[in-house]
Amino acid sequence: MAGEFGNPEVIQEEVDILLIGGGMACCGAAYEIMRWAEAAKAEAGVELKIKLVDKAAMDRSGAVAQGLSAINTYIGPEQDPADYARMVSNDLMGITRDDLAYDLGRHVDDSVHLFEEWGLPIWKTDENGERHDGAQGLPALKDGGKPVRSGKWQIMINGESYKWIVAEAAKKALGMDRIQERVFIVKLVNDKNDPNRIAGAVGFSVREHKVYVYKAKAILLAAGGCVNIFRPRSVGEGTGRAWYPVWNAGSTYAMAAEAGAELTMMENRFVPARFKDGYGPVGAWFLLFKAQATNAFGEVYMQKNKHLLDEYPPYGQAAVPASCLRNHLMLKEMREGRGPIYMDTVTALAKLRETLSPREVKHLEAEAWEDFLDMCVGQCGIWVGENIEPEKKNSELMPTEPYLLGSHSGCCGIWVSGPEDVGAPTEELHPEKDKIPAHLPSGWHWGYRGMTTVKGLFTAGDGVGASGHKFSSGSHAEGRIAAKAMVKYCLDHKDLKPELDTPVEELVEEIYKPVRNYLEFKDYTTAIDVNPNYITPKMLQFRLQKIMDEYVAGVATYYTTNAKMLEVAEEKLAMLKEDAQKMRAKDLHELLRAWENYHRILTAEAHMKHIQFREETRYPGFYYRADKNFIDEQNWKCFVNSIYDKKTKQWTVFKRAHVDLVDKSKLFKPAAH
């Protein structure tokens, strides 16, 4: 029977492996999984049923959707995975998992070589040192081709079709019959016989009146980070304009938390400094064009305020200060009234003309525009609309509202099992280890690579916590690593029969609650948006953003909070959670928005709880606890982790020990005598 609004058709399916998401991580998993599945069939005679479900369409799903002009993580022959692990640690103020970063570092280049093989044009340098677009006749990276580096880790690409290319390979490998697009998975379901095991997932079509219920032995949850829990700087018709993809609604973190998975470093957030209003990327300008940022009086604040870095040893003394500390130096200028802040594009382009051939200059000026056309078209619109020619007029920079993510310059996410061969701790050595809930595994390796603390639930990309700086290539590689581990998990558990702990009818009712709210009360008032019995998803989201902005260190307070403000946030979020039950959905689009809000609220709550628990300011420039405005290496150089109990709706937050597996002393310049 065909479904209708309020009475959806229910489709049930049993698979072995379910991939949730369509971004770089799931594309990596989709590409990799079939070769292991085919090996399992040949060697063990086990035929695995695999399904990928994406809220959008894979060609334009995830953070790379609009395109990208650089691959931010490519190790190459000059560096090694230990160097990479050091860089990740330094940029995230010393608290990351070296085992995860090192493991990624030794796999990531393979994904980049695949991208090039599939047709992604990568810039190269010829024997005379001249730069060329997209590898015109120059050797491939894997054959010794020299990429154009825009920094130690980044390589330049012509990337407007980056995601299409990667998605095409994933679709070809997996086969379209195993892919279900336009279905939003909103809830994971645990196993009836073992509450700490995953058994399935439920979601709905955003195009048809259908609810999908999947049973699965293993699930890869890789649905991106979290955007729009803080009030954005853009207002009016610009509302919703953000730096990270707006459809990343914290679903990865919220669904994992509700399934009982341990989260880590949810206090960490990323506040990128970007071109004002359009959120255009700054990386190529700093790294490739060697532009500098100045205050309104033309002073280079990174030099002027350098002494502030001494307040944060040892991180301030690193050769490259962490992203948050660079923000910290910028915010001083803004707070003390020396704004606006500018990117000095004029000087940078003039200097480049002195050293480059006319052909290269023309190419670079085209790239100045293409950098935005590749990945942030709105910024070109602003340049055009404000009569800005970057070689003649400088552009404003502004720190954005905060974002939660685990694959870019942030490291919040889920605690996962790492590799077993890099000497990671096998037990918990923290003095407060008795506060860690007893059912959670100890050490950093408790089973399958990429598996969360819930059996059968895996994650990758933005989902993996405590290891940032994976970016697009690293997320793809992490998806591939998880795919292999999931096949092994299914072979080791081939007799497992997952059973959902909740009846299907109950799940359908829960998913359609916002629709029921609407249908029951819509005729109570003449204007459907004004109703005492329900709240629209848009209005609820405004409330969430206002709470987070004003009390949990958003732009309204210059990223500042304290214990008292966090208490107010806690109280207001508790009420918001109650009121969220009254959300309405007048159509499938609003149902999508309602469920994104549920996920955002839970993610926001995790973020708030972690900032509250960590009694220091670990990321000055990303947030300040005004009452604990210092870094406390002695008591807080540790992971802050948490679990959520979906029955009691309570969080348990606790510490885990931090251990260095890679020597970090190389990062810091010896002190001057």
Inset, instruction - Check M330 against A273 and note the closest heavy-atom contact, atom names and distance. - result: CE-CB, 3.7 Å
Modelled atom types, side-chain donor and acceptor of [X] and [Y], under 3.5 Å:
| X | Y | answer |
| --- | --- | --- |
| R625 | T561 | no |
| E633 | Y315 | yes |
| H469 | T73 | no |
| N295 | E299 | yes |
| S323 | D91 | yes |
| Y403 | E401 | yes |
| S472 | Y162 | yes |
| E615 | N635 | no |
| Y244 | D462 | yes |

Strictly below 4.0 Å, N to O, side chains only: are [X] and [Y] in salt-bridge contact?
| X | Y | result |
| --- | --- | --- |
| E427 | K433 | no |
| E267 | R618 | no |
| K609 | E605 | no |
| E567 | K572 | no |
| D83 | K666 | yes |
| K564 | D627 | no |

Inset, instruction - Look at the aromatic rings of F230 and H607 and report parallel, tilted or perpendicular, splitting at 30° and 60°. - result: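 The arrangement is perpendicular - the two ring planes meet at more than 60°.
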Are the aromatic rings of [X] and [Y] close, with centres under 6.0 Å apart?
| X | Y | result |
| --- | --- | --- |
| W243 | H408 | yes |
| F471 | W153 | no |
| Y102 | Y84 | no |
| Y624 | H328 | yes |
| F613 | W636 | yes |

Inset, instruction - Check whether NZ of the Lys or CZ of the Arg R600 lies under 6.0 Å from the centre of the six-membered ring of W595 and within 45 degrees of that ring's axis. - result: no
Calculate, to the nearest 0.5 Å, the distance between atoms [atom1] and [atom2] belonging to [X] and [Y] respectively.
| X | Y | atom1 | atom2 | value |
| --- | --- | --- | --- | --- |
| R338 | T294 | CZ | OG1 | 12.5 Å |
| R106 | D109 | CZ | CG | 13.5 Å |
| M266 | C412 | CE | SG | 4.5 Å |
| T252 | L405 | OG1 | CG | 11.0 Å |
| R449 | F458 | CZ | CZ | 11.0 Å |

Legend entry - K304 atom NZ: more than 12 heavy-atom contacts under 6.0 Å: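 Enclosed: over 12 neighbouring heavy atoms sit under 6.0 Å from NZ of K304.
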Legend entry - Atom NZ of K435 with >12 non-hydrogen neighbours under 6.0 angstrom: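 Atom NZ in K435 is not crowded, with 12 or fewer foreign heavy atoms closer than 6.0 Å.
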Legend entry - Criterion side chain to side chain donor-acceptor pair (under 3.5 Å) on N641 and E262, from CA distance to verdict: CA-CA 7 Å; N641 289 13; E262 182 176 344; 2.7 Å; yes
Legend entry - Backbone of G461 reached by a side-chain donor or acceptor of S407 within 3.5 Å: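 Side chain of S407 to backbone of G461, a donor-acceptor pair under 3.5 Å: no, none is there.
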Legend entry - Side chain R233, main chain V555, donor-acceptor under 3.5 Å: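 Between the backbone of V555 and the side chain of R233 there is no qualifying donor-acceptor contact (under 3.5 Å).
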Legend entry - Heavy-atom check, side chain of Y644 versus side chain of L602, under 4.5 Å: yes
Inset, instruction - Find out whether V108 and I75 are in side-chain contact, i.e. whether some heavy atom of one side chain is under 4.5 Å from a heavy atom of the other. - result: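 Yes, close enough: below the 4.5 Å cut-off.
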